[in-house]
Amino acid sequence: MTAVPANCALYTTCIASEFVKQLFDCNVAGNAQSISPPLTIDVPTMLACQHLARVLADAYSNPIQLDLDMIRYNEALHKRSTGMVATHEDSLLEKFPHGPERLLEKPSVILDSAGRIILWYLPDAISPWIQAEMEDATIGMGSLLMKSMTSGLDTQWRTFPGSFHVSDRHQLTPGCINLAPCWFMQGWEPHGLPPANGFTPEVSAALKGKGGPEIIISMQRAALLASAALRVMHPKLYWASVATHIKLARWAVERGLSDMSTCLQFWASVFNCAAVICNRQCPLHRDPSSTPKGFDVMSSVGHYCNGLMTLSNLGIRLQYNSGAMVGCSGHFVRHGVTYTGNRIVWAWFIRDSLQNFVGTPRPSYATYMGVD
């Protein structure tokens, strides 16, 4: 277990995450034992953690096992697959056909044939006051979101203007931004050994300057909850990410990178990158930068209805209303979302290139019994 300096926001996150894990264990065991909340977390955070732990336990108590081997599927999946090449997706579906399609509405854990965890589905996991905080923080990022859309090709759907719609809630600005206290810029991200070409991590463009710490602080409570969920979902990945954060912080101090050091100090998430997305259409796709053995956590909030997440390679659809949280590998699971209204997504990612940069070993798959 890695010791986190007490002056880092991640310190409180780790304390809250252990609180959630203890509550989760008691709920799964049916143990009525009272777990005292840590004195270092405030009442709203404590209540949100208690609620999250109950939803996690409900999901764990409702496993759904598929006739699918994650290892064999990953071997057949192109490493840089976007999920938008029809011939490749048709080939995968022919090799790995799914059963009858089903709609999930209750908290669930989806497993492969060997008990590896494919996905955690946590509807209503985010407490209403945290949802309100996320919306307020997103409104505060309006100028950055406005600048994020490009005039490029419609194939670059993530930032193509035609992928977004105007909000009828005038304070919300459509757009998509990536936030990271420390990352490799897109196009410079190494895949393999640390680069010998001089490329090193830097603060993401949206967090550079005086406004960066303010944005990070506005995201801290939601960052804490997503991290606490990962503590239960994938413990080895959680601790590997904590170790990576501490190593990166030391590296930044040694290099005299004060802006990066400040951002890492305030960054409360074990995930090293977040995407903030407002009112974007979400076609079926894969996230090639996500690790097949890891988890991303997607949090969806807003004033919308008819939310539906389709997991096309699993033959599963999820009711995806405001407050839902989903944990999976965005590369392994081909996913898309439809909805009506105004929707905000905070998607939390772990970039393996950063773990590799500081020498953190890559964890393997999470297993169902492994969350005990």
Side-chain angles (χ1 to χ4, degrees), residues 1-4 6 8-62 106-109 117 120-137 216-239 241-242 245 266-271 274 295-301 321-327 344 346-348 350 366 370-372:
M1 188 176 297
T2 306
V4 181
C8 292
L10 193 63
Y11 178 81
T12 301
T13 295
C14 288
I15 291 174
S17 297
E18 292 309 302
F19 178 51
V20 169
K21 179 62 167 63
Q22 292 171 4
L23 291 169
F24 168 82
D25 289 340
C26 286
N27 286 326
V28 168
N31 189 342
Q33 177 184 356
S34 176
I35 303 295
S36 298
L39 297 177
T40 50
I41 62 175
D42 58 22
V43 173
T45 302
M46 176 198 70
L47 295 173
C49 287
Q50 290 174 333
H51 177 71
L52 175 62
R54 285 192 294 269
V55 179
L56 283 162
D58 289 345
Y60 183 80
S61 301
N62 185 31
K106 298 179 180 180
S108 310
V109 177
I117 299 176
W120 287 77
Y121 170 48
L122 307 174
D124 299 316
I126 307 170
S127 302
W129 55 90
I130 308 298
Q131 296 183 46
E133 279 191 0
M134 292 172 66
E135 182 172 353
D136 288 344
I216 292 173
I217 291 170
S218 73
M219 301 175 70
Q220 283 182 339
R221 208 188 312 261
L224 179 151
L225 286 180
S227 302
L230 188 68
R231 173 66 182 91
V232 172
M233 293 175 178
H234 201 321
K236 291 181 180 179
L237 180 61
Y238 171 91
W239 287 116
S241 300
V242 171
H245 184 106
F266 290 128
W267 189 259
S269 177
V270 297
F271 297 90
F295 285 153
D296 310 319
V297 169
M298 294 166 277
S299 303
S300 183
V301 302
N321 295 329
S322 184
M325 187 181 287
V326 172
I344 297 166
W346 287 13
W348 300 92
I350 292 172
V371 301
D372 282 337

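Just so it is clear, the model here is predicted, and its values are computed rather than measured. All values below were derived from every heavy atom in this structure, side-chain atoms included, with hydrogens, water molecules and symmetry-related copies excluded.
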Worksheet item: Gln50 versus Leu23: any side-chain heavy-atom pair under 4.5 Å?
Response: yes

Item to complete: Grab the two heavy atoms, one from Ser17 and one from Ala228, that are nearest each other, plus how far apart they are.
Response: OG-CA, 3.3 Å

Worksheet item: CG of Leu52 to CG of Asp124: how many Å apart, nearest 0.5 Å?
Response: 12.0 Å

Discussion item. So Val297 and Met233, do their side chains get closer than 4.5 Å, heavy atoms only?
Written reply: yes

Worksheet item: Under the side-chain contact (heavy atoms from CB on, under 4.5 Å) test, which residues partner Ala59, sequence neighbours left out?
Response: Pro107, Val109, Trp120, Leu122

Item to complete: Might you work through the side-chain contact (heavy atoms from CB on, under 4.5 Å) test for Ile117 and Phe295, ending with a clear yes or no?
Response: CA-CA 10 Å; Ile117 299 176; Phe295 285 153; 3.7 Å; yes

Worksheet, complete the sentence: CG of Asn31 to CG of Asp25, rounded to nearest 0.5 Å, is 10.0 Å

Worksheet item: Sequence neighbours excluded, which residues qualify as side-chain contact (heavy atoms from CB on, under 4.5 Å) partners of Ser241?
Response: Leu237, Val270, Ile350, Gln355

Worksheet item: Hey, are the side chains of Met325 and Trp348 touching, using non-hydrogen atoms and a 4.5 Å cut-off?
Response: no

Practice prompt. Could you tell me which non-hydrogen atom of Ala9 sits nearest to which non-hydrogen atom of Gln220, and how far apart they are?
Written response: CB-NE2, 3.7 Å

Fill in: Backbone N/O of Trp129 and side chain of Ser127: donor-acceptor pair under 3.5 Å
no

Practice prompt. Could you tell me the separation between the OH atom of Tyr121 and the NZ atom of Lys106, rounded to the nearest 0.5 Å?
Written response: 11.5 Å

Worksheet item: If you round to the nearest 0.5 Å, how far is OG1 of Thr13 from OH of Tyr238?
Response: 7.0 Å

Worksheet item: In Å, rounded to the nearest 0.5 Å, how long is the span from OG of Ser300 to CH2 of Trp346?
Response: 12.5 Å

Practice prompt. Look up atom CZ in Phe19 and atom OG1 in Thr40, then write down how far apart they are to the nearest 0.5 Å.
Written response: 10.5 Å

Worksheet, complete the sentence: Minimal heavy-atom distance between Val232 and Pro235, with the atoms involved, is O-CD, 3.9 Å

Practice prompt. Mind jotting down which residue pairs meet the salt bridge (Lys or Arg N to Asp or Glu O under 4.0 Å) criterion with at least one end in residues 45-57? Sequence neighbours excluded, please.
Written response: none

Item to complete: Not counting sequence neighbours, which residues clear side-chain hydrogen bond (donor to acceptor under 3.5 Å, both in side chains) with Ser108? List them please.
Response: Asn62

Fill in: Heavy-atom side-chain proximity of Cys14 to Val242 below 4.5 angstrom
yes

Worksheet item: Is there a side-chain contact between Glu135 and Ile344 (heavy atoms, below 4.5 Å)?
Response: yes

Item to complete: Name all residues meeting the side-chain contact (heavy atoms from CB on, under 4.5 Å) criterion together with Gln131; count only those two or more places apart in sequence or in a different chain, and write none if there are none.
Response: Ile126, Val301, Ser322

Practice prompt. Using a 4.5 Å cut-off on heavy atoms from C-beta on, say whether the side chain of Leu225 contacts that of Cys49.
Written response: yes

Discussion item. Filter on salt bridge (Lys or Arg N to Asp or Glu O under 4.0 Å), then keep only pairs touching residues 34-44, sequence neighbours left out; what's left?
Written reply: Asp42-Arg221

